[in-house]
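Encoded as structure tokens, the structure appears first; notes follow it.
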Amino acid sequence: MKVNVGTPDRIVRLVVGLGLVGWAAFGGGPAWAYIGIVPILTGTFRMCPLYSLVGINTCPKK
């Protein structure tokens, strides 16, 4: 797996994902809010399959 998610993108994904899952689990939010698991996983592993398909890379070049 090639890393294609940079640090700012990763932080946003984790914050949004945790917010959605927290809302669903503790705030009585709708069941669809568990979709926040997807950005949590892509932020954790720093790899986004959709980015790979469309050729986006937010990671700085080394």
Shortest non-hydrogen separation from [X] to [Y] and the atoms involved:
X     : Y     : result
Gly36 : Val21 : C-CG2, 3.8 Å
Arg13 : Cys48 : NH2-SG, 3.7 Å
Pro39 : Gly17 : CG-CA, 3.9 Å

Which residues pass the side chain to side chain contact (heavy atoms under 4.5 Å, CB included) test with [X], not counting sequence neighbours?
X     : value
Leu18 : Ile40
Arg10 : Val5, Leu14, Arg46
Val15 : Ile11
Pro49 : Thr42, Met47

Query raised in the report: With sequence neighbours left out, which residue pairs that include part of residues 23-35 fulfil the salt bridge (Lys or Arg N to Asp or Glu O under 4.0 Å) condition?
Result: none

Report summary line: The remaining residues in the hydrophobic cluster of Phe26, counting side-chain heavy-atom contacts under 4.5 Å among Ile, Leu, Val, Met, Phe, Trp and Tyr, are none

**Report entry** Inter- and intrachain pairs under side chain to side chain donor-acceptor pair (under 3.5 Å), touching residues 23-36, at least two apart
**Finding:** none

Query raised in the report: Would Val38 and Val16 show up in the same hydrophobic cluster when neighbours are defined by side-chain heavy atoms closer than 4.5 Å?
Result: yes

Query raised in the report: If you group Ile, Leu, Val, Met, Phe, Trp and Tyr by side-chain heavy-atom gaps below 4.5 Å, do Leu41 and Val3 land in one group?
Result: no

**Report entry** Neighbour count above 12 (heavy atom, 6.0 Å) for Ile35 CD1
**Finding:** no

Query - Thr58: side-chain hydrogen bond (donor to acceptor under 3.5 Å, both in side chains) partners, not counting sequence neighbours - result: Asp9

Query raised in the report: Looking at residues at least two apart in the chain, or sitting in another chain, which of them share a side-chain hydrogen bond (donor to acceptor under 3.5 Å, both in side chains) with Thr44?
Result: none

